[in-house]
Amino acid sequence: MQERLLEIQGLHLNYKVYEGYLKVLNGVEFNIDKGEKVGLIGESGCGKTTTMRSIMRTLPSNAVITAGKILFKGKDILTASMDEVQSLRRNNISMIFQDPTAALNPVFKIEEIFSDIIRFSVRTSSKKLTKDEIKLKAVEALKAAALPDPERILQNYPIQLSGGMRQRVCIAMALISSNDLLIADEPGTNLDVTIEDQILRLLGNLVNERGTSIILISHALGAVKGLVDRVYVMYAGNMVEVAKTDDLFSDPLHPYTSNLFKTVPKLTGGGIPEAIKGRIPDYFDPPKGCRFCPRCDHAMPICEKETPTFKDMGDKHEVACFLYS
Amino acid sequence: MSEEILRVKDLIKFFKTTQGVVRAVDRVSFSIQKGETFGLVGESGSGKSTTAFTIMGVYPPTGGEIFFKGVKLTGGVKSRPLSLKKDMQMVFQDPGSSLNPRHSIGQIIELPLKVHKLYENNRKERVEEILKMVGLPLDFTRRYPRQLGGGEKQLVAISRAIASEPSFIALDEPTSALDVSMQAKIINTLLRIQKELDLSYLFITHNLSLMRNVATRVGIMYLGKLLEVAPTSEFFIKPLHPYTKMLISSIPVITKEEEKLKPERIISRGEIPSPVNVPPGCAFHPRCVECQEMCSKTEPEMIEVEENHYVRCNLYIDQSK
């Protein structure tokens, strides 16, 4: 049995805005084992990033968590003190963001950005690093991220690097502290296909070498397919399906998942089928039962009243839908 | 032979910057037939959008010729006659910033009708007709852009483009900011109105899977140059240029049938060079797996290898028809 690294149990989260509460997360269930690679897919605005930010405890101040637990190695992150959270960020969890340009401070050289992170990552331990040791660590990290000529890059400002290089710098930053968990929030979305391919392959290799667990968030379904063991599908603040990657793509069970796969343009041609009708629900007043119910072709009376829970369909394939209960 | 609507010949657009001259579009030639969708694919910074902007007259070209319906176009948009602007329209990538936030949807769609003095007695009815055509509800006329979702905004931008009854529309990544389910809706709407109104499209995207389903012919751009032009189906069966092969093998796909279509895995390597310092010889040679000695010296010319299949690569120099 694999060791459970992170587990999210029934996470409910609201955003407080002027008009009231946006009920975004509606009982998110999620888990990841040690050394496992997990994908998370869903439309924009379905709460992928919000879920990840609640793991990092970097939510905006208007976010209110109303229920649920996030257990990291058995300890609840949500009730941990700020010191413990800092220690988590220092040693255990790190995150790569979607837009590498926004993630790097434009007024500092890469070297300054790196030395800050390296110093922060060893702050609690008693030893102090010399300037040379910091630089050596930075060069090593950049090399691990397959960047050519690390010494020169350290002297550059972010603006002097190309998009692919910037994202690699971000990956190198995330690699500095020896991690248990790496959260990659759409790491290739802003890059071109050939470069995205390079970045994803690099991430895959690094994770395999170091035995790190990774959560890969994306709305590019194909990108997820090549890299991860298991995939979660998220819709409007709920996890609707989870399965091993091959099972999910060959045999999607939830009506949302199968519709989503249909709308992806295929290389084989033959046109694009009609989109899923309707739009993502209004978070002010989301549907009471299953949140996909108003857009679903198979909706039943029960769907309007109750929220479905995960049901195991065998071989780790779980689906939250009344069609299968 | 169908009627040719747009011909671009050796189009050049350079930008002078303090770091040097950016060769954004470098001797690009292609033509678009009536009712056709010509796809332009390439990575960001390859000059796809600049090509479209130059054709539309946003930038005056540095060199080369543009013919629209047989008439030569010169200069920027200011020097073009109104009738020409009516006939060529554009849809931009980000509908959030291309719609005036202080105008209602009705006003936005009505504006081209006012400018071109169309339907002067029944503009309101015409606006409603256009909304019906793209499948938007009629009460949108009184709404504002911020009240709509991204996909609906893009449909409004499309409505505005077809309002002046053009025969040619340049679509600059119309769906890249949207989700797949919304993308399907937009694309289907575009294809439907293309048939209904007999439009020709210049379709710009970086998504090859999407291109496969939309375009009749495809051109691949890299660092301001067209590397390969071919009919879409041919393109995926028999890609010639090493860059095209790399591009197609990098596409993430989700089904086994698609996997079979992809050429043998070519590991993508290297970075895209800056368009200020374009490598000498063939621009792609530092990243090319089939690079030969001559590639760093001689710049290949565009040659027709098979009927309607053009490629710019030294490997095919002997196979010219």
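We name chains A, B, ... by the order of the sequence lines, and we start the count at 1 in each one. All heavy atoms count here, side chains included; hydrogens, waters and symmetry mates do not.
Residue contact with chain A, scored on non-hydrogen atoms closer than 4.5 Å, involves the backbone and the side chain of B:Leu247 alike.
Closest approach of B:Arg212 to A:Lys266, counting heavy atoms only: CG-O, 3.9 Å. Smallest separation of non-hydrogen atoms from A:Pro265 and B:Ser209: O-CB, 3.4 Å.
Interface residues of residues 241-261 of chain A toward chain B, defined by a heavy-atom distance below 4.5 Å and sorted by number: A:Phe249, A:Leu260, A:Phe261. At a heavy-atom cut-off of under 4.5 Å, chain B is reached by no residue from residues 151-160 of chain A.
B:Asn188 CG to A:Thr263 OG1: the interatomic distance, rounded to the nearest 0.5 Å, is 10.5 Å.
Within 6.0 Å of CZ on B:Arg192 lie more than 12 heavy atoms contributed by other residues, nucleotides or ligands.
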